[in-house]
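All ligand and atom numbering here is 1-based and tracks the order in the structure. Everything numeric in this text was worked out from a predicted model, so none of it was measured.
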Amino acid sequence: MKGIVFTEFLEMVEEGFGYEMVDKLLTESDLPSKGIYSAVGTYPHSEIITLVVNLHKNTQIPLSQLLEAFGEYLFNSLMKAYGHIFQNVNDAFAMLSSIETYIHVQVKKLYPDAQLPTFKVETISENQIIMYYTSERSMGDLAIGLINGCLKHYNESAEIVKEDLNESGSNVKFVITKK
Ligand code: HEM
């Protein structure tokens with residue numbers, strides 16, 4: 001997993017819970033990287049799971065809620081870091097429809113070792129799309145947060161209904177309906 005995911009996660013924890021919590025998580029988590037992340041480096045995916053699970057243990061906030069909140073935070077960070085890529089994307093559905101065909105394609109060009117999910121998007125109407133998420137990393141809750149971040153970025157409001165299509169969470173369906 002790319003370092004930017006870790007640096008942003010630790011920044012969110014620091015903003016929300018203070019540096020003591022960051023320190024506590026890194027001490028408790030016993031990470032191969034020792035918690036030293038560079039934005040362009042690559043680290044085991046298991047480390048982000050360990051960090052989120054330990055944040056959950058320390059705060060009692062449900063895992064799904066932590067991942068969603070992180071997704072929203074991460075969207076803003078990604079826009080700051082890579083906003084130039086999307087200058088021509090003008091609304092949320094256009095962005096969501098172009099993750100697979102454009103956004104993550106650009107990410108892969110920048111970082112050939114990036115591990116990205118697959119999205120299949122069906123446009124139902126002007127106000128509704130269905131996204132099918134597939135990833136062995138099973139980060140559907142992170143995806144909801146990223147989608148929420150995207151909607152907020154374009155000042156749009158929509159209902160997102162998530163349906164797990166298998167037990168592991170590697171296949172997830174999102175029905176997104178504009179309000
Ligand atoms: C709403 C829009 C987006 C959604 C729903 C989305 C979804 C995701 C998800 C769920 C992951 C976690 C990996 C996995 O599940 O397999 C991911 C990873 C990632 N995405 Fe996106 N993404 C979005 C927009 C973006 C944007 C705007 C960028 C910036 C160019 C970006 C760059 C990345 C990067 C760098 C990773 C980490 C890859 C790695 O760790 O190897 N994504 N994305």
### Message
Suppose I only count heavy atoms of Cys150 and a 4.0 Å limit; which atoms of ligand 1 are within that range?
### Response
1 (C)
### Task
Taking only heavy atoms of Leu96 into account, list the atoms of ligand 1 that are under 4.0 Å away from them.
1 (C)
#### Entry: Identity and distance of the protein heavy atom lying nearest atom 26 (C) of ligand 1
Ile103 CG2, 3.5 Å
### Query
Starting from atom 27 (C) of ligand 1, which protein heavy atom do you reach first, and at what distance in Å?
Phe86 CZ, 3.3 Å
### Ser157 and Lys178 side chains, donor-acceptor separation under 3.5 Å
no
### Query
Is it the case that Tyr82 and Gln106 place a side-chain donor and acceptor less than 3.5 Å from each other?
no
### Proximity winner for atom 21 (Fe) of ligand 1, if only heavy atoms of Lys80, His104, Lys2, His45 are counted
His104
### Message
Please tell me whether Ser170 and Glu136 have a donor and an acceptor in their side chains that are separated by less than 3.5 angstrom.
### Response
no
### Task
Determine which pairs satisfy side-chain hydrogen bond (donor to acceptor under 3.5 Å, both in side chains) with at least one residue from residues 58-67, sequence neighbours left out, and list them in order.
Lys24-Asn58, Glu28-Asn58
### Query
Just going by heavy-atom distances, which of Asn148, Leu146, Thr42 is nearest to atom 7 (C) of ligand 1?
Leu146
### Summary
Closest non-hydrogen atoms of Met131 and Leu96, given as atom of the first, atom of the second and distance, are CE-O, 3.9 Å
### Query
Going by the order shown, which atoms of ligand 1 are within less than 4.0 Å of some heavy atom of Tyr82?
29 (C), 30 (C)
### Task
Pick one of side chain, backbone, both or neither for how Gln106 approaches ligand 1, counting any non-hydrogen atom pair under 4.0 Å.
neither
### Query
Purely on distance, is any nitrogen or oxygen of Asp113 under 3.5 Å from one on ligand 1?
no
### Query
Going by distance only, is there an N or O of Gln115 that falls short of 3.5 Å from an N or O of ligand 1?
yes
### Query
Are Tyr111 and ligand 1 in contact, using a heavy-atom cut-off of under 4.0 Å?
no
### Query
Looking at CE of Met79 and SG of Cys150, how far apart are the two atoms once the value is rounded to the nearest 0.5 Å?
7.5 Å
### Task
Report yes or no: does Glu8 contribute a side-chain atom to a donor-acceptor pair with the main-chain N or O of Ser77 at less than 3.5 Å?
no
### Query
So which heavy atom in the protein is nearest atom 32 (C) of ligand 1, and how far is it from that ligand atom?
Val107 CG2, 3.5 Å
### Task
Considering the heavy atoms of Arg137, write down every atom of ligand 1 situated less than 4.0 Å from one of them.
13 (C), 14 (C), 16 (O)
### Query
How far is atom 15 (O) of ligand 1 from its nearest protein heavy atom, and which residue and atom is that?
Tyr133 OH, 2.6 Å
### Query
What are the two closest heavy atoms between Gly3 and Tyr43, and how far apart are they?
CA-CE1, 3.6 Å
### Query
Of all heavy-atom pairs between Val40 and Lys2, which one has the smallest distance, and what is that distance?
O-NZ, 3.0 Å
### Query
Should the pair Tyr37 and Phe6 be assigned to parallel (<30°), tilted (30 to 60°) or perpendicular (>60°) ring geometry?
parallel
### Task
Could you pull out the closest heavy-atom pair between Ala143 and Phe119, with the gap in Å?
CB-CZ, 4.4 Å
### Query
Is the side chain of Tyr132 donor-acceptor paired with the backbone N or O of Glu122 at a distance under 3.5 Å, no angle test?
no
### Query
What atoms of ligand 1 come within less than 4.0 Å of a heavy atom belonging to Met1?
39 (C), 40 (O), 41 (O)
## Note on the structure
Output for pair (Ile61 CD1, Glu68 CD), nearest 0.5 Å, gives 12.5 Å
#### Entry: Taking atom 31 (C) of ligand 1 as the reference point, the nearest protein heavy atom with its distance
Leu78 CD1, 3.5 Å
### Query
Who's the nearest protein heavy-atom neighbour of atom 17 (C) of ligand 1, and how far?
Pro117 CD, 3.9 Å
### Query
Which ligand 1 atoms does Ala114 reach within 4.0 Å, using its non-hydrogen atoms?
41 (O)
### Task
Any atoms of ligand 1 less than 4.0 Å from a non-hydrogen atom of Leu142? List them with their elements.
12 (C)
### Query
Near Phe119, which atoms of ligand 1 are under 4.0 Å from a heavy atom of that residue?
5 (C), 7 (C)
### Message
Give me the nearest non-hydrogen protein atom to atom 16 (O) of ligand 1 as residue plus atom name, then the distance to 0.1 Å.
### Response
Ser135 OG, 2.6 Å
### Task
Give the residue, atom name and distance (to 0.1 Å) of the protein heavy atom nearest atom 18 (C) of ligand 1.
Leu116 CD2, 3.8 Å
#### Entry: Pick from Thr118, Val5, Leu67, Ile99: the one approaching atom 4 (C) of ligand 1 most closely through a non-hydrogen atom
Ile99
### Query
Does atom NZ of Lys108 have more than 12 heavy-atom neighbours from other groups under 6.0 Å away?
yes
